[in-house]
**Student:** 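Take a look at the following structure, please.
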Number of protein chains: 2
Amino acid sequence: STLSAARAQPGSRVIAVAAVLPAGGCGERMGVPTPKQFCPILERPLISYTLQALERVYWIKDIVVAVTRENMGAMRNIIQKYQHTRISLVEAGETRHRSIFNGLKALAKDQPDTQLSKPEVVIIHDAVRPFVEEDVLLKVVAAAKEHGAAGAIRPLVSTVISPSADGCLEISLERARHRASEMPQAFLFDVIYEAYRQCSDYDLEFGTECLHLALKYSHTKAKLVEGPPDLWKVTYKRDLYAAESIIKERISHAVCVVMDPKQDKEPVDHFLEALKNELNDVKIESREPGQAGRDIQQSNLEQCYNFVSMNIMMSDFQETRKLLHMLEESNLSILYPVVVVSVHFFDFKLVPLSQKMESLMWIRESAKEMKKRNILLFGLIIDYSQGEQKLQESLRQGAIIIASLIKERSSALVGQLLVA
Amino acid sequence: STLSAARAQPGSRVIAVAAVLPAGGCGERMGVPTPKQFCPILERPLISYTLQALERVYWIKDIVVAVTRENMGAMRNIIQKYQHTRISLVEAGETRHRSIFNGLKALAKDQPDTQLSKPEVVIIHDAVRPFVEEDVLLKVVAAAKEHGAAGAIRPLVSTVISPSADGCLEISLERARHRASEMPQAFLFDVIYEAYRQCSDYDLEFGTECLHLALKYSHTKAKLVEGPPDLWKVTYKRDLYAAESIIKERISHAVCVVMDPKQDKEPVDHFLEALKNELNDVKIESREPGQAGRDIQQSNLEQCYNFVSMNIMMSDFQETRKLLHMLEESNLSILYPVVVVSVHFFDFKLVPLSQKMESLMWIRESAKEMKKRNILLFGLIIDYSQGEQKLQESLRQGAIIIASLIKERSSALVGQLLVA
Ligand SMILES: [Mg+2]
Ligand SMILES: [Mg+2]
């Protein structure tokens with residue numbers, strides 16, 4: 001496509017791209033008091049996930065978010081807490097179209113108090129579509145550059161019908177000949193800005209479709225780009241449930257197992273094998289503590305939010321302490337809760353029960369502290385003195401427990417010492 | 001409405017109603033190998049939830065399910081395992097319309113080997129819309145009786161557009177003047193059966209809309225009935241996630257706390273208070289074991305899938321044993337996994353650690369057995385010898401843990417002895 005070609009050839013001109021996000025909606029469909037863009041998923045507001053998705057795309061220079069006056073403070077807190085960058089806020093209008101228009105005005109330098117510069121292409125996206133990927137953004141921007149306007153579409157799931165005045169079926173549309181218009185959309189800035197400047201109050205109040213305004217007022221036929229299913233709009237409560245499950249799944253695909261190489265390798269190797277059997281879609285990497293520390297600092301492990309620290313025949317939690325220290329120093333838990341499972345191989349015949357109770361207390365107290373930093377600490381005990389067959393069963397059970405702790409990410413159970 | 005009036009006046013004629021469920025689809029949209037109607041939610045196939053929703057409606061006399069020949073055995077197992085009744089199976093056709101037609105033929109007694117009788121009104125529903133309620137079924141059946149045909153509709157979430165041959169925007173439909181056609185739909189049997197008999201092979205191959213067939217071939221304009229959002233069709237993987245969360249939420253709204261009245265009431269009362277604070281949307285009822293047993297037998301507790309048994313200063317799990325015995329005798333865990341939290345108030349200063357380890361072992365072993373019966377058993381210890389303030393904190397923590405166990409219903413953690 002045009003853009004990736006531009007990236008591949010440093011000599012050619014790079015397109016200036018900005019994005020506008022209308023986020024002024026009040027979420028009446030959701031059946032909850034909080035506007036849906038501010039509903040928490042893993043305790044972080046939905047809109048923060050959408051901003052993160054746009055920020056990941058380095059060639060989007062500015063992101064203009066339109067929020068209502070009453071939510072302006074909350075939005076500033078979100079930007080600060082989750083360290084978002086390149087965001088400018090404008091006040092939302094009464095309708096979605098008015099909010100978008102306000103965002104465009106800010107980019108057009110019609111307002112004196114911003115440092116934004118007019119982009120060549122502007123993306124319009126929804127605050128409640130958090131799973132937008134660079135690929136589809138690239139496609140709509142390239143198509144907008146060529147055609148003046150472009151938008152993502154999806155096949156229809158239901159047949160669309162047109163009711164008569166008395167509520168009966170008048171026309172049923174052929175499903176194959178129609179599409180659902182989704183977001184993101186992209187426009188040559190002048191095309192969409194002129195359309196908004198020329199359109200009627202009725203359009204601004206009751207219109208729903210930016211592509212339609214570009215067609216009607218700028219005589220620009222939008223190019224339609226087939227998008228992936230994850231572009232769907234979080235509309236109902238069930239969509240929040242779905243979004244939470246998708247996010248949990250995405251941060252569960254990698255596990256980092258940390259151990260000191262001076263420890264006995266045999267139990268670790270057996271356990272790694274059990275983990276690999278249980279978590280068969282999950283990438284499992286084992287690291288030495290120092291290596292893990294460097295990885296976290298250098299963001300090599302940026303995508304890993306799950307850690308298993310192996311403590312063999314020790315009661316002082318040395319490996320877990322080191323790991324927690326490194327995680328505290330890093331920024332890893334700002335965006336997602338990080339799961340840490342402290343695994344303890346004990347010889348139950350040698351270690352007195354009182355010592356195990358002390359372990360329990362240490363895990364409990366540390367977990368309370370760590371939870372404040374969005375790090376979820378769990379303990380897992382494996383009796384290493386069992387016979388071969390029982391030990392195998394315990395290792396398998398331990399792997400099942402770890403898979404579940406990673407998948408559920410339940411903060412209510414932090415500090416528990418589980419037994420495999 | 002007509003039907004509820006019929007129920008209120010026993011003298012008036014009751015309409016004979018049957019339902020047809022096409023379930024022959026192969027689920028290519030889901031991105032998973034299993035057809036979506038057979039995807040498990042809490043280990044039970046999606047279609048079983050839909051059958052359950054229809055069975056709850058006593059005035060639906062027969063439910064005809066169309067499944068492919070290769071899934072016929074699996075479907076029979078589902079009917080047996082989950083004790084579905086009033087179900088007849090027919091072989092699915094190559095397309096959705098052919099499957100529905102096969103179901104209608106069975107009801108029309110065109111096939112010699114069934115005992116079905118021709119209904120006055122037939123409901124057509126999807127196997128992948130498990131959350132259909134009696135209310136909307138009643139509405140479409142009453143409207144079908146009056147108008148000949150009726151179908152549930154929903155507002156459009158996205159604008160619908162019509163692309164030109166070169167993939168550009170041709171027409172954007174006014175969102176407010178269109179609706180998504182959903183299920184259930186209902187028809188006078190003769191109206192829809194004649195429509196299917198007369199329609200072309202092209203309709204049977206490529207058509208999507210039963211209402212359209214009724215209009216085209218039986219000249220019957222369907223009445224459109226506004227349905228609730230939960231009617232949506234489980235189409236993508238995210239819809240399975242959403243369905244699982246909705247089902248988990250629905251079976252988490254009630255908790256039954258079981259205790260012997262001869263036990264010390266004080267800790268129980270304090271704990272009930274903490275539970276009520278934490279689970280503020282949840283109905284909490286406390287029962288004596290005998291009473292709970294009668295309730296389960298008589299299905300007064302049909303809607304309760306969560307039990308907390310209180311064992312005060314005892315180490316023999318008397319209350320929990322009684323409760324588990326009653327649950328085993330009942331059919332409660334056939335449809336949903338039942339959560340049992342065995343709560344133990346110990347005086348940590350008096351009870352030796354070795355006894356607690358024995359408790360752990362009992363919970364672990366019992367949990368393994370119970371899991372086979374779809375009963376998820378967890379242990380929860382509260383140190384009753386703590387000072388007032390610490391005890392309050394433990395009670396609150398215990399309530400948080402119970403809320404989480406009920407919400408997550410994680411089978412990986414059964415048999416664990418958690419500490420509040
Ligand atoms: Mg400006
Ligand atoms: Mg028959």
Side-chain angles (χ1 to χ4, degrees), chain A residues 29 147 149 151 153-154 156-164 167-170 172-173 175-182 206 208-209 211-212 215 221-224 229-230 232-233 235-236 238-239 241-246 353-354 357 360 364 400-401 403-404 408 410 412-413 416-419, chain B residues 29 147 149 151 153-154 156-164 167-170 172-173 175-182 206 208-209 211-212 215 221-224 229-230 232-233 235-236 238-239 241-246 353-354 357 360 364 400-401 403-404 408 410 412-413 416-419:
Chain A
R29 279 197 208 152
H147 298 264
I153 54 168
R154 288 284 307 156
L156 294 176
V157 169
S158 307
T159 302
V160 173
I161 58 171
S162 173
S164 60
C168 286
L169 177 69
E170 193 74 40
S172 126
L173 304 180
R175 206 196 282 182
R177 296 185 58 174
H178 292 82
R179 296 287 183 279
S181 170
E182 309 284 342
F206 303 105
T208 56
E209 185 49 74
L211 300 182
H212 181 70
L215 180 64
K221 269 195 179 181
K223 179 70 180 175
L224 304 173
D230 282 354
W232 106 104
K233 185 174 173 181
T235 307
Y236 301 105
R238 67 167 185 266
D239 295 315
Y241 289 145
E244 178 172 330
S245 296
I246 291 171
L353 277 164
S354 58
M357 286 307 285
L360 172 70
R364 278 167 71 86
I400 290 171
I401 290 171
S404 161
E408 307 288 357
S410 166
L413 299 181
Q416 298 292 334
L417 194 58
L418 307 167
V419 179
Chain B
R29 280 197 207 152
H147 298 264
I153 54 167
R154 289 284 307 155
L156 293 177
V157 169
S158 307
T159 302
V160 173
I161 58 171
S162 172
S164 59
C168 286
L169 177 69
E170 193 75 40
S172 127
L173 303 181
R175 207 197 283 183
R177 296 183 60 175
H178 293 82
R179 296 287 182 280
S181 171
E182 309 284 342
F206 302 105
T208 57
E209 186 49 73
L211 300 182
H212 180 71
L215 180 65
K221 269 194 179 182
K223 178 73 179 174
L224 304 174
D230 282 353
W232 106 104
K233 185 175 173 180
T235 307
Y236 301 106
R238 67 166 185 266
D239 295 315
Y241 289 146
E244 177 172 332
S245 296
I246 290 171
L353 278 165
S354 58
M357 285 307 285
L360 171 70
R364 279 166 70 87
I400 290 171
I401 289 170
S404 161
E408 307 288 358
S410 166
L413 299 180
Q416 297 293 333
L417 194 59
L418 306 167
V419 179

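In the text below, chain A, chain B and the rest are named by the order of the sequence lines, each starting its count at 1. Model, not experiment: these values are computed from the prediction.
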**Student:** Decide side-chain contact (heavy atoms from CB on, under 4.5 Å) for Trp232(A) and Val157(B); before the verdict, give the C-alpha distance in whole Å, the side-chain angles of both, and the deciding distance to 0.1 Å.
**Tutor:** CA-CA 10 Å; Trp232(A) 106 104; Val157(B) 169; over 6 Å; no

**Student:** Among Ile400(B), Val419(B), Leu215(B), Ile401(B), single out the residue with the greatest number of heavy-atom pairs under 4.5 Å to chain A.
**Tutor:** Val419(B)

**Student:** I'd like to know if the side chain of Thr235(A) and the backbone of Lys233(A) have a donor-acceptor N/O pair within less than 3.5 Å.
**Tutor:** yes

**Student:** Which one of Arg364(A), His212(A), His147(A), Glu182(A) has the most heavy-atom pairs closer than 4.5 Å to chain B?
**Tutor:** Arg364(A)

**Student:** For Ser404(B) and Ser410(A), which I'm curious about, is there any donor-acceptor pair between the side chains at under 3.5 Å?
**Tutor:** yes

**Student:** Without swapping roles, check the side chain of Arg175(A) against the backbone of Glu209(B) for a donor-acceptor pair under 3.5 Å.
**Tutor:** no

**Student:** Quick check for you: among Ala243(B), Ala403(B), Ala176(B), Ser172(B), which has the greatest number of heavy-atom pairs under 4.5 Å with chain A?
**Tutor:** Ser172(B)

**Student:** Under the 3.5 angstrom rule, does the side chain of Arg238(A) hit a backbone N or O of Pro229(B) as a donor-acceptor pair?
**Tutor:** yes

**Student:** Just so I understand: if I count every heavy-atom pair under 4.5 Å between each of Val160(A), Ile153(A), Ile161(A), Asp230(A) and chain B, which residue has the most?
**Tutor:** Ile161(A)

**Student:** Please flag which part of Arg179(B) lies under 4.5 Å from any non-hydrogen atom of chain A: side chain, backbone, both or neither.
**Tutor:** both

**Student:** Output, in order, the C-alpha distance, side-chain angles, deciding distance and verdict of salt bridge (Lys or Arg N to Asp or Glu O under 4.0 Å) for Lys221(B) and Glu170(A).
**Tutor:** CA-CA 7 Å; Lys221(B) 269 194 179 182; Glu170(A) 193 74 40; 3.7 Å; yes

**Student:** Mind ranking Lys223(A), Arg177(A), Glu244(A) by heavy-atom pairs under 4.5 Å with chain B and telling me who comes out on top?
**Tutor:** Lys223(A)

**Student:** Counting heavy-atom pairs closer than 4.5 Å to chain B, which one of Gly151(A), Gly167(A), Ala412(A) comes out on top?
**Tutor:** Gly167(A)

**Student:** Heavy-atom pairs under 4.5 Å with chain A - which of Ile246(B), Thr159(B), Leu413(B), Leu173(B) has more of them than the others?
**Tutor:** Thr159(B)

